[in-house]
Every structure is written in structure tokens, then in C-alpha cells.
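Only heavy atoms go into these numbers, but all of them, side chains included; no hydrogens, no water, no symmetry mates.
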Amino acid sequence: MPTLNLALIGNGTIGALVTQKAEVTWMCVPVFDGDPVFCSLLRGPAQPEHDGAFAVEMIGGSRSEQEYVPDTPIIVTRLFDPAGACVQVTDFAPRLSEGNNLSAPAMLVRRIESIAGAPAIRIRVRPMQNYGAEALAAERGTGDANDCLLYRGDEITLRLTTNASLDDVMNETAFGLDEPVTLMFGLDEQITGGATRAAQNLADGTSAWWRNWVAALSTPSGWRDDVVRAAITLKLNVSEESGAAIAAMTTSIPEASGSERNWDYRYCWLRDAYF
């Protein structure tokens, strides 16, 4: 089974799991219990390695490190090669105030930048539908949407808006990371103002929302950071629409290897929510 050492990001509408190598291995759209468009977490031994994944690979990368931005669920993954080059990947799901309203779209934002050296990367975007049964092919957007790729499923259409070369993304071609790359993946909605500027605005608003929320918590001084991280994790598992707390983001992961106890945890189990 792929690693279960995963970072959780989300916004109360969707949640995603990110490996220490910057691969999104689980994400359901448009809600917690929706069809997992990224589902490589449940990849079988006979399936292609990257099917159901959203991966950022550093060419020649040899190690990685990962940490949350303090007081937020924004995760930063750094990839290194033996020569000292470094790529930084910042992942989050937007949650921010718009006037008196809360905005928490079914969207994943990924920002990739070079921190040291002259690294090259490869981006793999392979969403699927029907619980990993069918791959969704990429097609170029047209007209005002010519900066995006569309993935048309039976029930929904997904959009990847980016400032990267669409050819490089579609063909999974390695390219030099000469400037920061932004990837915005979610439901088929037009992004205004360009991916880079829109992502920066969303990042600023998301960081501000979570830090304001954390500031209102009552936390002990001795274990403040641990309590805050636990509180954020619990908040990510609460549906913004209903207020229900789901048991976990995932389904079909056995409690132990070979076990049949592989429940769908993406629902509110009343007993567990009570506790």
C-alpha cells in the first residue's frame, strides 16, 4: 500500500492528502464524500504508478521535508537533489472571507518555486472517476479559457488553470523551473486576473482567515502549538455546509494489512462525533 504518512489540507468543502514527496494522493470533489478524482492512495499493485495522482516531481530529487505554515493548514513541501538544488511546493484549499461571507470553493491551489540551484520538474495530473475505474483525458480550454486544461467526467468537468506550459503538463514533460508555477485545480470555473495573481490573493486570504480563527481559540501555553494543530485538523473534518464532523477523509483503507475492516469514514458517525 502507498504511504499513509500524509499531510491533510482542506477548507470545509473538500479535503486532500499530500505525501512528503508532494503528490496529492487523495481528493474528493465536490464534497468530502464525492468521487475521489485523485485516488492513488488506493492504487493496486497492477495499476500504473501515477494513475489517480497529482504529482510534482523534482528531476533527480533525493530527499524531502515538509511542514505546515504556522497556525494554518497550508502545507509546504521542499524537494532537494544531491547538488543542493531545492524546489518548494505550497499546497492549500482556499478558505477566506469575502465581505460578510465565507468562500470555500472546491479547489486545490499548488504553488511551485525554485529556492536554490536550477532545478527541473515534471508535473503529472491524472484525475479519474468512478473510484479510479476511468482516467479523465485532458483537453485544452478555448477562447477566454486558453490558459487551462479541462477534464470532462460523466457528472462534472474539472479545470486546471496554470501559468505553466500546457504542453508540458499534458505530455508530462520535464522543464526548468525558471519562474514560479501556479496550479489551480477544481470545478470548471473561470479564474479572473490570471493564475498567479489569483493564487496569491487566495493564499493571503486563507492565511488571514485561519490565523484569525486560531487567535479566538483558548489554548494552554505549554502545549499551544500541538493543541492548535489538533484543532485545525478537527476543523478540516467538519462540513461547512452541515456542521457535521466526518470520521476521516478516506475510504477503503483497512485498519490492518489484510483486514476487511475498511469502512467508508467520510460520513458523520454519530457516536464518534459525540465523543
Side-chain angles (χ1 to χ4, degrees), residues 1-20 23-44 52-54 66-68 71-75 91-95 102-109 127-133 155-156 158 185-187 206 209-210 213-214 216-219 223 225-275:
M1 177 183 290
T3 179
L4 296 178
N5 187 9
L6 304 164
L8 171 64
I9 60 176
N11 61 5
T13 299
I14 61 167
L17 298 175
V18 186
T19 73
Q20 291 186 320
E23 176 182 329
V24 177
T25 190
W26 184 262
M27 176 176 160
C28 298
V29 176
V31 289
F32 291 151
D33 59 331
D35 197 358
V37 296
F38 296 121
C39 53
S40 59
L41 179 62
L42 302 181
R43 183 179 60 243
F54 188 172
Q66 194 173 59
E67 63 182 351
Y68 283 105
D71 294 353
T72 79
I74 300 172
I75 192 72
D91 292 320
F92 67 95
R95 183 182 176 97
L102 174 71
S103 175
M107 176 189 294
L108 170 66
V109 179
M128 308 191 81
Q129 67 175 358
N130 298 329
Y131 287 80
E155 302 294 334
I156 58 175
L158 302 165
F185 183 90
L187 298 179
T206 297
W209 191 95
W210 283 102
W213 183 80
V214 167
L217 298 176
S218 177
T219 57
W223 299 92
D225 291 346
D226 297 306
V227 170
V228 166
R229 184 54 51 197
I232 290 174
T233 301
L234 289 172
K235 181 67 171 174
L236 294 179
N237 284 275
V238 174
S239 168
E240 184 61 33
E241 181 180 6
S242 68
I246 63 172
M249 288 289 168
T250 55
T251 179
S252 307
I253 299 176
E255 291 185 359
S257 180
S259 169
E260 295 182 357
R261 298 174 63 85
N262 55 351
W263 315 121
D264 191 340
Y265 295 97
R266 301 170 302 160
Y267 299 98
C268 182
W269 292 18
L270 295 180
R271 178 197 62 186
D272 293 357
Y274 171 80
F275 287 117

In terms of ring plane angle, is the pair W213 and W209 parallel, tilted or perpendicular, where the classes change at 30° and 60°?
->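 Parallel, since the angle between the ring planes stays under 30°.
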
What heavy-atom pair brings [X] and [Y] nearest, and what distance separates the two atoms?
| X | Y | answer |
| --- | --- | --- |
| N11 | P105 | ND2-O, 2.7 Å |
| S40 | A53 | OG-CB, 3.7 Å |
| T19 | Q66 | O-NE2, 2.9 Å |
| T251 | W26 | CG2-CH2, 3.7 Å |
| T206 | P94 | OG1-CA, 3.3 Å |

I'd like to check [X] versus [Y] (side-chain heavy atoms, cut-off strictly below 4.5 Å). Are they in contact?
| X | Y | result |
| --- | --- | --- |
| Y68 | R229 | yes |
| L42 | I253 | yes |
| I14 | V31 | no |
| W210 | K235 | yes |

Do you know which of S252, P36, C39 makes side chain to side chain contact (heavy atoms under 4.5 Å, CB included) with Y131?
->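 Of the listed options, the one satisfying the test is P36.
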
Rounded to the nearest 0.5 Å, how far apart are CD of E260 and CH2 of W263?
->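 It is 9.0 Å, given to the nearest 0.5 Å.
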
Approximate separation, where rounding is to 0.5 Å, of L236 CG and F32 CZ =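 Result: 7.5 Å between the selected atoms.
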
Counterpart residues, salt bridge (Lys or Arg N to Asp or Glu O under 4.0 Å), relative to D226 (two or more places apart) =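 Once residues adjacent in sequence are excluded, D226 has no partner under the salt bridge (Lys or Arg N to Asp or Glu O under 4.0 Å) criterion.
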
Answer yes or no: is there a donor N or O on one side and an acceptor on the other, between the side chain of D35 and the main chain of N130, under 3.5 Å?
->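 Between the backbone of N130 and the side chain of D35 there is a qualifying donor-acceptor contact (under 3.5 Å).
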
Side-chain (D91) to main-chain (L108) donor-acceptor, under 3.5 angstrom |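 Checking the backbone N and O of L108 against the side chain of D91, no donor-acceptor pair under 3.5 Å is found.
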
